[in-house]
Amino acid sequence: MLKPAPPTSISELLQRVETIAGLTLGELAAQYHFKSPDDLLREKGWPGQLLEYVLGASAGSKPVPDFEHIGIELKTLPLSYTGKPLETTYVSVVPLTNLTGLTWQSSSVKKKLNHVLWLPILAERDIPPINRTIGTGFLWQPDSLQEAQLRRDWEEQIELIAVGRVNEISGHLGEVMQIRPKAANSKVLTDAIGPEGGLIKTLPRGFYLKTQFTQNILKNHFSC
DNA sequence: CTTTGATCATGT
DNA sequence: ACATGATCAAAG
């Protein structure tokens, strides 16, 4: 099959999502002649890349949403047998310099999470990737409580970075959104503001949604 | 070289 | 069990 064109409307996207619900990743990959790894030890991003391809997301672009025309970001969500998220959800890179004037409203987190298409996948580790089943995808936008929680976590942790305390940040901070390393390995270094106000080198970091937060998104959607 | 797609793997 | 810190490939 050819590479699908980007959906031109939200309803078209949702129609495609309905079509793939219940299929396994392997079935979908076979239909589109997409590769199917035996495990995700090396190709950790495979589920997301497959779904992007099948649903017609713009490939590997940077600052724009996956579905640029309709402003929607695609996120796969790996679930356990009991329906709980197995992993945190990566959101975006954490800015570590040039933070003056940066606000929640203008942040990459706020923009990325403005409108998300969640695609649950039954992804328990004892299931080979090709046998993992795609669930019912759904659209989500943060409600006022969720946005307040995200904003507070963002502001608290960005403030620490702004005053040169990036090295005091760990995954323990944040009520619903944490900061963790995001790099090829632990030797990668990037610029950040140091304790004396100058530049220091530190690990690149990313914002991640904690599993309790995404579990609540699921609960709100499938029970209301 | 960096960002995006994430999951792996170990310590608690 | 679960979360934090570490890691990997593709694409631009």
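Atoms considered below: every heavy atom in the structure, side chains included; atoms not considered: hydrogens, waters and symmetry mates. Every chain is numbered from 1, with letters handed out A, B, ... down the list of sequences.
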Could you tabulate the donor-acceptor pairs under 3.5 Å formed by side-chain atoms of residues 85-100 of chain A, not counting sequence neighbours?
from: A:T88; atom 1: OG1; to: A:R180; atom 2: NH1; distance (Å): 3.0
from: A:T88; atom 1: OG1; to: A:R180; atom 2: NH2; distance (Å): 3.4
from: A:Y90; atom 1: OH; to: A:V93; atom 2: N; distance (Å): 3.0
from: A:S92; atom 1: OG; to: A:S108; atom 2: OG; distance (Å): 3.0

| request: Tell whether A:Y208 reaches the base of C:dA3 with its side chain through a donor-acceptor pair below 3.5 angstrom. | output: no
| query | Which is true for A:K75 with a 4.0 Å heavy-atom rule: it touches a base, it touches only sugar-phosphate, or it touches nothing? | reply | sugar-phosphate
| Is a donor-acceptor pair below 3.5 Å formed from side chain A:K44 to base C:dT7, judging by atom type as modelled? | yes
For residues 141-152 of chain A, which side-chain donor-acceptor pairs fall under 3.5 Å, sequence neighbours excluded?
from: A:Q141; atom 1: NE2; to: A:N114; atom 2: O; distance (Å): 2.9
from: A:D143; atom 1: OD1; to: A:L145; atom 2: N; distance (Å): 3.1
from: A:D143; atom 1: OD1; to: A:Q146; atom 2: N; distance (Å): 2.7
from: A:Q146; atom 1: OE1; to: A:W140; atom 2: NE1; distance (Å): 3.1
from: A:Q146; atom 1: OE1; to: A:D143; atom 2: N; distance (Å): 2.9
from: A:E147; atom 1: OE1; to: A:K110; atom 2: NZ; distance (Å): 3.4
from: A:E147; atom 1: OE2; to: A:W104; atom 2: NE1; distance (Å): 2.9
from: A:E147; atom 1: OE2; to: A:K110; atom 2: NZ; distance (Å): 3.0
from: A:Q149; atom 1: NE2; to: A:E175; atom 2: OE2; distance (Å): 3.2
from: A:R151; atom 1: NE; to: A:E155; atom 2: OE2; distance (Å): 2.8
from: A:R151; atom 1: NH2; to: A:E155; atom 2: OE2; distance (Å): 3.3
from: A:R152; atom 1: NH2; to: A:E175; atom 2: OE1; distance (Å): 2.5

| message | At 4.0 Å (heavy atoms only), tell me whether A:S92 reaches a base, stays on the sugar-phosphate, or touches nothing. | response | nothing
| field | Sugar-phosphate only, base, or nothing, as touched by A:T88 at under 4.0 Å among non-hydrogen atoms | value | base
| said: Under 4.0 Å, heavy atoms only, any strand: does A:P78 hit a base, just the sugar-phosphate, or nothing? | reply: sugar-phosphate
| task | Could you check whether A:L86 gets within reach of a base, just the sugar-phosphate, or nothing at all, counting any heavy atom under 4.0 Å? | result | nothing
| note | Looking only at B:dA9, B:dT4, C:dA10, the nucleotide nearest the A:K35 side chain is C:dA10
| From A:P37, A:P129, A:S36, residue fulfilling side chain to side chain contact (heavy atoms under 4.5 Å, CB included) relative to A:E43 | A:P37
| remark: Quick note, A:L41 side chain, CB onward, closest among C:dG5, B:dC8, B:dG5 is B:dC8
| note | Testing C:dT7, C:dC2, B:dG5 for proximity to the side chain of A:K84, the answer is C:dC2
Can I get a per-line list of side-chain donor-acceptor pairs under 3.5 Å for residues 215-224 of chain A, giving both atom names and the distance, sequence neighbours left out?
from: A:N216; atom 1: ND2; to: A:Q212; atom 2: O; distance (Å): 3.0
from: A:N220; atom 1: ND2; to: A:N216; atom 2: O; distance (Å): 3.3
from: A:S223; atom 1: OG; to: A:K219; atom 2: O; distance (Å): 2.7

| query | Could a donor-acceptor pair under 3.5 angstrom be found where the side chain of A:K182 meets the base of C:dG5? | reply | no
| said: For A:L189 and A:R180, find the nucleotide of DNA chain B closest to each by heavy atoms; which residue's nucleotide sits nearer the 5' end? | reply: A:L189
| query | Which residues, if any, of residues 102-126 of chain A bring a heavy atom under 4.0 Å of DNA chain C? | reply | none
| field | Sugar-phosphate, base or nothing in reach of A:E73, heavy atoms under 4.0 Å | value | sugar-phosphate
| said: Five pairs per end, C1' atoms only: what is the angle between the end axes of the helix from B:dC1-C:dG12 to B:dT12-C:dA1, to 10 degrees? | reply: 20°
| query | What nucleic acid atoms does A:G171 come within less than 4.0 Å of, heavy atoms only: base, sugar-phosphate, or nothing? | reply | sugar-phosphate
Review item, side-chain donor-acceptor pairs of residues 5-14 of chain A, under 3.5 Å, at least two apart:
from: A:T8; atom 1: OG1; to: A:E12; atom 2: OE1; distance (Å): 2.8
from: A:S9; atom 1: OG; to: A:S11; atom 2: OG; distance (Å): 3.1
from: A:S9; atom 1: OG; to: A:E12; atom 2: N; distance (Å): 3.1
from: A:E12; atom 1: OE1; to: A:T8; atom 2: N; distance (Å): 2.8
from: A:E12; atom 1: OE2; to: A:R16; atom 2: NH2; distance (Å): 2.9

| query | So what does A:T211 touch, heavy atoms closer than 4.0 Å: a base, only the sugar-phosphate, or nothing? | reply | sugar-phosphate
